[in-house]
Student: 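Below you will find the structure I want to go over with you.
Not measured: the values here are computed from a predicted model. Numbers here are sequence positions counted from 1.
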Amino acid sequence: MTAPVTGRPVRSYGIFIDGAEVRPSAEFITRENPGTKEVVARFTHGDLAQAQAAVAAARRAFDRGDWPNRSGQERAAVLRTLASLMRRDQESLARIDAEESGKPIRLARADVATGIALTEYAAALAVTSHGQVHTNLGPDFTGLVTREPCGVVAMITPWNFPLLLLMQKLPFALAAGCTTVCKPSELTSGSTLEIAKLAAEAGLPAGVFNVVTGPGSTVGHHLARSKDVDVLSFTGSTAVGRSVVEASAGNLKRLSLELGGKAASVVFPDADLEDAVDGVLFAVLFNQGECCVSGARLLVHQDVADQFVQALVDRVSTLRVGAPLDEDADIGALIHAAHLDKVLASVDGARAEGARVVAGGTRLTADGLGAGYFMAPTIIDQVSPTSRLFTEEVFGPVLAISRFRTEDEAVELANAVEYGLANSVWSKNIDTALALGRRLRSGTVWVNTTIDGAPQLPGGGVKSSGYGREMGQAGFEEFTEVKTVQIRSGKRTPFFRGGAQ
């Protein structure tokens, strides 16, 4: 069924290449609001020729343009201006992401605010980045270790945090002096294209940031295969991440991959249980559970498990599921019908394996929600560590609960999945917190908080959650190459005796 068109004008976008929006005569991808099924945007269905043109523009801008050779201060000035323009347009950017992804508008506003903070921090890194000078190698030997921009960076971003995940990559690559090509999700391309326009307004030279919308099988595949792309930064599922690795194998480009996750919230009896209830629900229901670091598993100590589960059930019943532009909504709509069906199927599978659904587990069609893809926040108790709900990423508002008795058992359960993106620990015992921080195999461990952070702190995964880091100093360094320059001064001592005079 064709989605209805809203009363407001539908946003229509071309692609952005070499500093200008290009509107080729091609088919469009129509995007509906997941909460209302109204058409809100149309994106160009990019093809191979357009992907090639975008990479060529970025290659020219790096090899012949001045962006890589500008001072850090000059690059920082452009990034600060971009941040200012994002702040000016914060409400419109948030509305675009809310309408295209289904998330509540207040979450989308927070995404934009964090994107602004990341851009400002990257500007600071552009100014403060420096190399090393080694002067103690001998009286006639000086060594320089420099950091240089790595070249052309391709970025492939997902639909769950369209603007935020772009800004975890783009400003850091620009701060380093790289040129870029982005393929956003074909479902949620609007804010990325708006950022391209704002970057041009901020003074970013033509060709330094290019955007091609369209399917991953065409546009994304070319970015992975292209020999003119030096680094590829990808955020998405582990399955697609593996295909990116395979496609890039022939050219040996550097990859940075943030992939799937199955994070655990580990609750000990000495935790502030009221805080832990709020944190556990936030961890699993933030962004409808459509979040790589979602706390989709709860590991709770047997001594407080029954009390804690009941508190979760009581609290979740007070949460509001609402349309994306509902100012009071706690939880929004899932991205599309097929994904909602997949999440509901995971609940049915857990029931069949003997788990107990104690809250939710159904599609919501209540009055006021419209025709969108809404699901009741779901809590499932008595989940076996061997079940698919325990081990596989669901990417929806579904909490799987298992119980433990000892610290060793908690660690074993937390680490018993292929993923290693993030975990949370709830305990007021500093010994427990430090021990779990060391023993949990994930790129991030939160203690008495969850899905938290700051621009200075890097994030990324281990195991099947990928490799490489975003944000922080480490995220900046992902887009640099280290070069050693070795200098000898004075007269050279001949090595070949036959040539001595």
Side-chain angles (χ1 to χ4, degrees), residues 16 18-19 57-90 93 112-135 142-155 163-164 166-182 194-211 230-231 233 256 454-458 469-485 487:
F16 200 88
D18 217 8
R59 187 80 263 168
R60 285 193 304 273
F62 186 81
D63 293 341
R64 304 176 199 169
D66 73 334
W67 184 253
N69 298 312
R70 289 193 186 185
S71 70
Q73 189 67 49
E74 291 173 309
R75 291 198 294 267
V78 174
L79 288 171
R80 286 194 296 268
T81 302
L82 173 59
S84 177
L85 294 173
M86 291 172 64
R87 187 172 287 108
R88 180 196 69 187
D89 294 352
Q90 182 169 357
L93 291 169
V112 180
T114 303
I116 293 168
L118 288 165
T119 304
E120 292 173 335
Y121 175 66
L125 290 176
V127 175
T128 58
S129 176
H130 58 84
Q132 301 172 356
V133 180
H134 292 264
T135 59
T142 301
L144 307 179
V145 180
T146 65
R147 283 198 175 271
E148 300 179 353
C150 63
V152 175
V153 174
M155 300 170 289
L163 184 143
L164 177 58
L166 171 69
M167 305 316 287
Q168 289 184 190
K169 306 174 190 290
L170 176 65
F172 295 89
L174 296 180
C178 299
T179 61
T180 59
V181 180
C182 182
E194 296 291 346
I195 292 294
K197 297 175 187 177
L198 294 182
E201 184 180 348
L204 194 69
V208 175
F209 180 38
N210 307 273
V211 181
D230 300 295
V231 172
S233 179
S256 178
Q456 300 92 324
L457 302 178
R469 292 295 180 264
E470 294 186 341
M471 304 177 292
Q473 182 72 32
F476 173 79
E477 292 175 356
E478 289 284 340
F479 302 114
T480 66
E481 293 284 2
V482 175
K483 177 183 287 185
T484 301
V485 180
I487 305 168

Student: Examine distances only and state if a side-chain atom of Gln168 and a backbone atom of Met471 form a donor-acceptor pair shorter than 3.5 Å.
Tutor: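 Flag not set: sc Gln168 to bb Met471 has no pair under 3.5 Å.
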Student: Identify the two heavy atoms, one from Pro205 and one from Arg70, that lie closest to each other, and give their separation to 0.1 Å.
Tutor: CG-NH2, 3.4 Å
Student: Side chains of Leu170 and Met155: closer than 4.5 Å at any heavy-atom pair?
Tutor: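 Yes. Closest side-chain heavy atoms under 4.5 Å.
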Student: Per the side chain to side chain contact (heavy atoms under 4.5 Å, CB included) rule, which among Leu82, Val112, Leu93, Ile116 passes with Arg87?
Tutor: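 By the side chain to side chain contact (heavy atoms under 4.5 Å, CB included) criterion, Arg87 pairs with just one of Leu82, Val112, Leu93, Ile116: Ile116.
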Student: Do Asp230 and Glu481 have side chains that get closer than 4.5 Å, going by heavy atoms?
Tutor: no
Student: Check the pair Leu164 / Leu118 against side-chain contact (heavy atoms from CB on, under 4.5 Å), numbers first and verdict last.
Tutor: CA-CA 9 Å; Leu164 177 58; Leu118 288 165; 4.0 Å; yes
Student: Quick check: closest heavy atoms across Thr179 and Ala58, and the distance to 0.1 Å?
Tutor: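 So the two residues come closest at OG1-O, 2.8 Å.
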Student: To the nearest 0.5 Å, what is the distance between CG (Leu79) and CD (Glu74)?
Tutor: 12.5 Å
Student: Supply the atom-to-atom distance Thr146 OG1 to Gln132 CD, rounded to the nearest 0.5 angstrom.
Tutor: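 Between atom OG1 of Thr146 and atom CD of Gln132 there are 10.0 Å.
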Student: To the nearest 0.5 Å, how far apart are NZ in Lys197 and CG in Leu204?
Tutor: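 Spacing of NZ (Lys197) from CG (Leu204) equals 16.0 Å.
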Student: May I ask you to decide whether Lys169 forms a salt bridge with Glu470, counting only side-chain N to carboxylate O separations under 4.0 Å?
Tutor: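 Judged by the 4.0 Å cut-off on N to carboxylate O distance, Lys169 and Glu470 do form a salt bridge.
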Student: Kindly compute the distance separating OG1 (Thr180) from CH2 (Trp67), expressed to the nearest 0.5 Å.
Tutor: 10.0 Å
Student: To the nearest 0.5 angstrom, please state how far the CD atom of Gln473 sits from the CG atom of Leu457.
Tutor: 12.5 Å
Student: Roughly how far apart are Leu174 CG and Arg75 CZ, rounded to 0.5 Å?
Tutor: 9.5 Å
Student: Is any side-chain heavy atom of Glu194 closer than 4.5 Å to a side-chain heavy atom of Asp89?
Tutor: no
Student: Arg88 versus Leu198: any side-chain heavy-atom pair under 4.5 Å?
Tutor: yes
Student: Tell me the closest heavy-atom pair linking Pro149 and Pro68, and the distance in Å.
Tutor: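 Where Pro149 meets Pro68 most closely, the heavy atoms are CG-CB, 4.1 Å.
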Student: Mind checking whether Thr114 and Met167 have side chains closer than 4.5 Å, heavy atoms only?
Tutor: no
Student: Check Gly472 against Leu125 and note the closest heavy-atom contact, atom names and distance.
Tutor: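 The pair with the smallest heavy-atom distance is O-CD1, 3.9 Å.
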Student: side-chain contact (heavy atoms from CB on, under 4.5 Å) for Asp18 and Arg60? Distances and angles first, verdict last.
Tutor: CA-CA 9 Å; Asp18 217 8; Arg60 285 193 304 273; 3.4 Å; yes
Student: For Cys182 and Phe209, work out which heavy atoms get closest and say how close.
Tutor: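 Heavy atoms of Cys182 and Phe209 come nearest at CB-CE1, 3.8 Å.
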Student: Measure across Ser129 and Phe476 and return the closest heavy-atom pair with its distance rounded to 0.1 Å.
Tutor: OG-CE2, 3.5 Å
